> 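This structure is in structure tokens; I'll ask about it shortly.
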Amino acid sequence: NNDSTYLTNAYQYYTSTLYRDIDFGNDTNTTYRISFDYKGNSAINTSTWEIMAGMKVYLKDVDDELPQNESLAPDNQDTIGTYYINNINNAWETAHMEISGVRGIKRLCFVGYNLSMTLPTYPAVDNVSIIISPCSTPRNLRTTNLMSTSTDIMFNSTADSYIVEYRIDTVYSYTSINATSNPVHIDSLQPATAYAVRIKGICGNDTSYYSNVYYFTTPCEDNAIQNFPYIESFEDGISCWNQDLEKYDTRWVMDSGYYYSSEYYGGSFHASPLAGLKIAYMYNSVLKAKTKLISPKMNTSELSMPYLSY
């Protein structure tokens with residue numbers, strides 16, 4: 001109906017799979033682009049942060065059982081990703097990704113599900129596209145030679161040249177530079193500042209998708225700490241510490257404490273700092289989020305027995 005209606009409006013528990021088998025051939029060196037439009041509602045358990053209703057997308061072996069009986073396939077079969085949306089405006093969103101290393105016949109599955117009954121989920125999908133990628137997306141971005149005002153960004157790519165975009169983490173607009181080398185050098189940065197960077201490959205007349213956004217923080221100074229004891233109580237913030245967002249965009253912050261709920265006592269309580277006025281704190285609002293908080297460089301070569309406490 002011209003993209004204006006949904007698949008279902010049922011409140012009851014259900015798992016429903018729309019799928020098609022696709023033969024990817026035998027060349028595992030081929031990279032494919034998969035894209036589709038989707039919309040719908042989702043429900044999240046605010047105690048466990050588990051997604052109880054929404055849509056999952058799988059690329060499965062044809063011998064794997066389809067999700068059924070109000071249950072989902074194991075996470076290790078979730079090879080493309082989970083897509084869900086809380087959207088009262090009925091807006092479509094586009095998902096796209098690249099896959100490589102696949103061969104033979106695979107089953108592309110769109111699984112609408114509701115294990116909650118808190119609201120109708122209305123899952124919908126349209127415009128599914130699979131093509132051979134003309135230009136692979138740069139992957140595995142990481143910093144090397146990270147200094148207070150510059151860094152090199154390394155990555156994996158076979159493109160001819162690149163468009164590199166970076167910005168201060170709290171600023172929306174990117175600064176763009178063209179590059180033909182890997183790693184790419186970025187200078188004129190600010191010390192003790194968090195940055196975001198993404199890279200697009202150029203292959204002749206074709207371009208890749210942008211890479212996943214990579215975050216890094218410039219150190220406060222270039223030299224390693226060598227005056228000890230080194231004590232960090234986070235009273236002046238955490239800007240001199242780096243953050244490695246391994247899974248989901250969940251950050252450490254400086255705070256005066258945090259609130260927590262107690263199943264035993266009931267209610268919500270405030271935890272104050274052990275000493276001083278501030279703490280470094282990460283509120284894990286996403287299930288299985290993982291972010292490393294990394295100290296500045298330290299030169300412990302003159303210490304006979306380095307000792308760490310926290």
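Values below: all heavy atoms of this structure, side chains included; hydrogens, waters and symmetry mates excluded. Because the structure is a prediction, the values reported are computed rather than measured.
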> Met55 and Ile130: same hydrophobic cluster, using ILVMFWY side-chain contacts below 4.5 Å?
yes

> Measure across Ser150 and His185 and return the closest heavy-atom pair with its distance rounded to 0.1 Å.
CB-CE1, 3.9 Å

> Salt bridge or not between Asp61 and Lys106? Use side-chain N to carboxylate O under 4.0 Å.
yes

> Please walk me through it: do Met147 and Thr218 pass side-chain contact (heavy atoms from CB on, under 4.5 Å)?
CA-CA 6 Å; Met147 307 293 283; Thr218 52; over 6 Å; no

> With side-chain contact (heavy atoms from CB on, under 4.5 Å) as the test, would you mind laying out the steps for Leu108 and Arg20 before giving the verdict?
CA-CA 6 Å; Leu108 180 62; Arg20 184 162 187 175; 5.6 Å; no

> Using the test ring pair (Phe, Tyr, Trp, His ring centres under 6.0 Å), find all partners of Tyr215 that sit at least two apart in sequence or belong to another chain.
none

> Let me confirm one number: the NZ-SG distance from Lys56 to Cys109, rounded to the nearest 0.5 Å.
12.5 Å

> What is the distance from atom CD1 of Ile163 to atom OG of Ser208, rounded to the nearest 0.5 Å?
8.5 Å

> Measuring only between side-chain heavy atoms, which start at C-beta, is Gln243 closer than 4.5 Å to Leu293?
yes

> Applying ring pair (Phe, Tyr, Trp, His ring centres under 6.0 Å), can you list everything that pairs with Trp241, at least two apart in sequence or on another chain?
Phe234

> Please determine whether the number of non-hydrogen atoms from other residues, nucleotides or ligands lying under 6.0 Å from atom CG of Asn212 exceeds 12.
no

> Run through the side-chain heavy atoms of Ile, Leu, Val, Met, Phe, Trp and Tyr, join any pair under 4.5 Å, and report what else lands in Val197's cluster.
Leu141, Leu146, Ile153, Phe155, Tyr162, Val164, Tyr166, Ile168, Val171, Ile177, Val184, Ile186, Leu189, Tyr195, Ile199, Tyr214, Phe216

> Can you name the nearest heavy-atom pair linking Ser157 to Ala159, along with the distance?
OG-N, 3.1 Å

> What is the distance from atom CG of Asn223 to atom OG of Ser148, rounded to the nearest 0.5 Å?
9.0 Å

> Answer yes or no: is there a donor N or O on one side and an acceptor on the other, between the side chain of Ser256 and the main chain of Leu277, under 3.5 Å?
no

> Step by step, would you call Thr300 with Phe228 a side-chain contact (heavy atoms from CB on, under 4.5 Å)?
CA-CA 9 Å; Thr300 61; Phe228 298 97; 4.2 Å; yes

> Check whether any side-chain heavy atom of Leu18 sits under 4.5 Å from a side-chain heavy atom of Val125, and report yes or no.
yes

> How long is the span from the OG1 atom in Thr17 to the CZ atom in Arg107, to the nearest 0.5 Å?
10.0 Å

> Please identify each residue that fulfils salt bridge (Lys or Arg N to Asp or Glu O under 4.0 Å) with Lys292, with sequence neighbours left out.
Glu246

> Any chance CG of Asn227 has more than 12 other-residue heavy atoms, nucleotides or ligands included, within less than 6.0 Å?
no

> Do other residues, nucleotides or ligands put more than 12 heavy atoms under 6.0 Å from Ile131 CD1?
yes

> Would you say that Arg33 contacts Pro134 through its side chain, given a criterion of any heavy-atom pair below 4.5 Å between the two side chains?
yes

> Answer whether the closest heavy-atom distance between the side chains of Gln190 and Thr149 falls below 4.5 Å.
no

> Report yes if some heavy atom in the side chain of Val253 is under 4.5 Å from a heavy atom in the side chain of Met282; otherwise report no.
no

> His96 and ring pair (Phe, Tyr, Trp, His ring centres under 6.0 Å): which partner among Tyr210, Tyr38, Tyr209?
Tyr209

> Does the side chain of Tyr230 come within less than 4.5 Å of Met298's, by heavy atoms?
yes

> So, for Pro273 and Gly276, which heavy atoms are closest and what is the spacing to 0.1 Å?
CB-O, 3.9 Å

> Counting N and O atoms only, with roles assigned by atom type, does the side chain of Ser301 sit under 3.5 Å from a partner on the main chain of Asn299, one being a donor and the other an acceptor?
no

> Between Val213 and Tyr174, is there a side-chain heavy-atom distance shorter than 4.5 Å?
yes

> So, taking the atom named CD1 in Ile238 and the one named CD in Glu232, what distance separates them when rounded to the nearest 0.5 Å?
9.5 Å

> Considering only heavy atoms from C-beta outward, does the side chain of Ile132 approach that of Thr31 to under 4.5 Å?
no

> Would you say Tyr19 ends up clustered with Val62 if hydrophobic residues are merged whenever their side chains have heavy atoms under 4.5 Å apart, either directly or through other cluster members?
no

> Decide whether Ile105 and Leu59 are clustered together by the hydrophobic rule: side chain heavy atoms of Ile, Leu, Val, Met, Phe, Trp, Tyr closer than 4.5 Å, transitively.
no

> Strictly below 4.0 Å, N to O, side chains only: are Asp169 and Arg251 in salt-bridge contact?
yes

> CG of Asp23: more than 12 outside heavy atoms within 6.0 angstrom?
yes

> Please test Thr144 against Asp152 for side chain to side chain donor-acceptor pair (under 3.5 Å), starting from the C-alpha separation and ending with a verdict.
CA-CA 5 Å; Thr144 182; Asp152 292 334; 5.7 Å; no

> Once salt bridge (Lys or Arg N to Asp or Glu O under 4.0 Å) is applied, what residue pairs with a partner in residues 130-142 remain, sequence neighbours excluded?
Glu98-Arg139

> Write down the atom of Cys240, the atom of Pro296, and the distance for their closest heavy-atom approach.
O-CG, 3.3 Å

> Using 0.5 Å steps for rounding, measure from the CG atom of Asn127 to the OG1 atom of Thr94.
8.0 Å

> Dump the intermediate steps for side-chain contact (heavy atoms from CB on, under 4.5 Å) on Met97 and Phe36, then the final yes or no.
CA-CA 10 Å; Met97 72 290 296; Phe36 55 89; 4.0 Å; yes

> Near Asp27 CG, under 6.0 Å, is it more than 12 heavy atoms from other residues, nucleotides or ligands?
yes

> Please name all residues satisfying ring pair (Phe, Tyr, Trp, His ring centres under 6.0 Å) with Tyr32, sequence neighbours left out, ordered by chain then number.
Phe24

> Provide the closest heavy-atom pair for Thr217 versus Asn242 in the form atom of the first, atom of the second, distance.
N-OD1, 3.0 Å

> I need the minimum non-hydrogen distance between Glu65 and Lys60, along with the two atoms involved.
O-NZ, 3.2 Å

